[in-house]
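The structure appears right after this line, and notes come after that.
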Amino acid sequence: MSATTREQRILEIVQGTRAKQARFRDRQITTAHGAGGKASQSLIEGLLLPALHNDALAALGDAASVSVNGTALALTTDSYVVRPIRFPGGSIGELAVNGTVNDLAVSGARPLALTLSLVLEEGLPTAELRAEIDAIARAADAAGVQVIAGDTKVVERGHADSMYACTTGLGVVDPRARLSPRGLEPGDRIIVSGRVGEHGMAVMLARDEFALEAEIRSDTRSLWPAADALLEAAGADLHCMRDATRGGVASALNELARASSVAALVREADVPVAPAVAGAAELLGIDPMYIANEGKLVAFVAPASASGALDALRAVPGCEQAAEIGEVLREPPGMVLVDTAFGGRRVMDLLAGDPLPRIC
Ligand code: MG
């Protein structure tokens, strides 16, 4: 069997497996169910969606769109359980604001307001809580949103890890936005808004589990300025955006390729990675494409508007290293392929386990 025939057979098997209706058969929840990879996908598609089914949820966007008297609003929610709660470049407070703001931004919605629910562990020093509330206030201010409702619960010592936060975000869908998780079209250029893998690696190194020191800071920031610049530069040629959080750029590409029944081809050599992140990732045996970001988005832009979109993005603070890393292909549907720096081509699948638990 020739190499191309064998490759074709493998692709057919993978596609056949993916096309099957998801069923949730796991007996217990594991950390993998929260990792954004295959286990998360089976939990969502095999248990949550069938029970709660409705069109807004089924779209599996970063935020749902709700129309009220002709105004399109966007609604999203997220929980933050990062360990440790402080790390170079940020803390759980910044994530709780920026993570939710970014789900609105990549849905083409200008963030308006947040709610904040806190679950605190008995014994948490007040100084630590105060620092996080200050971080939330600063991040909200920087992102142009206000926290307009909240809730606080306390659980016994040992029943939570310092603190968890949950934020719900409300935004108004920008009239320029024509975005959809199913909007990818063959020929679209794939753009990332900067260097990948910084947040997840900063949190990993902050745990002191690895005898590894490197100057790596979380990239946590609001992505609304980046989304705004892309909407302005590309308009309806901007087909989709996603913030590359849990599971990294690789997982975002897989989800969207699957939703749109197209393929994504990534040129590995064009993916921007800071040397310190690349070095640490190599030592730990993790591909930077799977490492979480908290201030990076992936955008899909029709070819005619791609270079203008990239220029506009690079003018946004924090996005100077934005790059075009590949393009959307017609075949094989639902797959992400990588042209490696060594000249080969391989499949970049969703992860099966959770190499980096609780990084956001
Ligand atoms: Mg998201």
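We're numbering straight along the sequence, starting at 1. Side-chain atoms are counted along with the backbone in the values below, which use heavy atoms only and exclude waters and symmetry mates. Whatever order the structure lists ligands and atoms in, that order sets their numbers, starting from 1.
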Next on the checklist: Suppose we only allow N, O or S atoms; which atom of Asp62 ends up nearest to the Mg ion (ligand 1)?
Outcome noted: OD1

Item to check | Expected output: side-chain Asp26 to main-chain Phe24 donor-acceptor under 3.5 Å | outcome: no

Item to check | Full working for side chain to side chain contact (heavy atoms under 4.5 Å, CB included) between Leu337 and Val266 | outcome: CA-CA 6 Å; Leu337 305 171; Val266 174; over 6 Å; no

Checklist entry - With a cut-off of 2.8 Å, does any N, O or S atom of Asp78 fall short of it relative to the Mg ion (ligand 1)? => result no

Checklist entry - What angle, in degrees and rounded to 10°, do you get at the Mg ion (ligand 1) when you join it to OD1 of Asp243 and to OD1 of Asp103? => result 90°

Next on the checklist: Set out, in order, the CA-CA distance, both residues' side-chain angles and the distance that settles side chain to side chain contact (heavy atoms under 4.5 Å, CB included) for Leu265 and Asp339, then state yes or no.
Outcome noted: CA-CA 7 Å; Leu265 175 64; Asp339 278 345; 3.9 Å; yes

Item to check | Positive for side-chain hydrogen bond (donor to acceptor under 3.5 Å, both in side chains) with Ser218, one of His199, Glu294, Glu94, Glu198 | outcome: His199

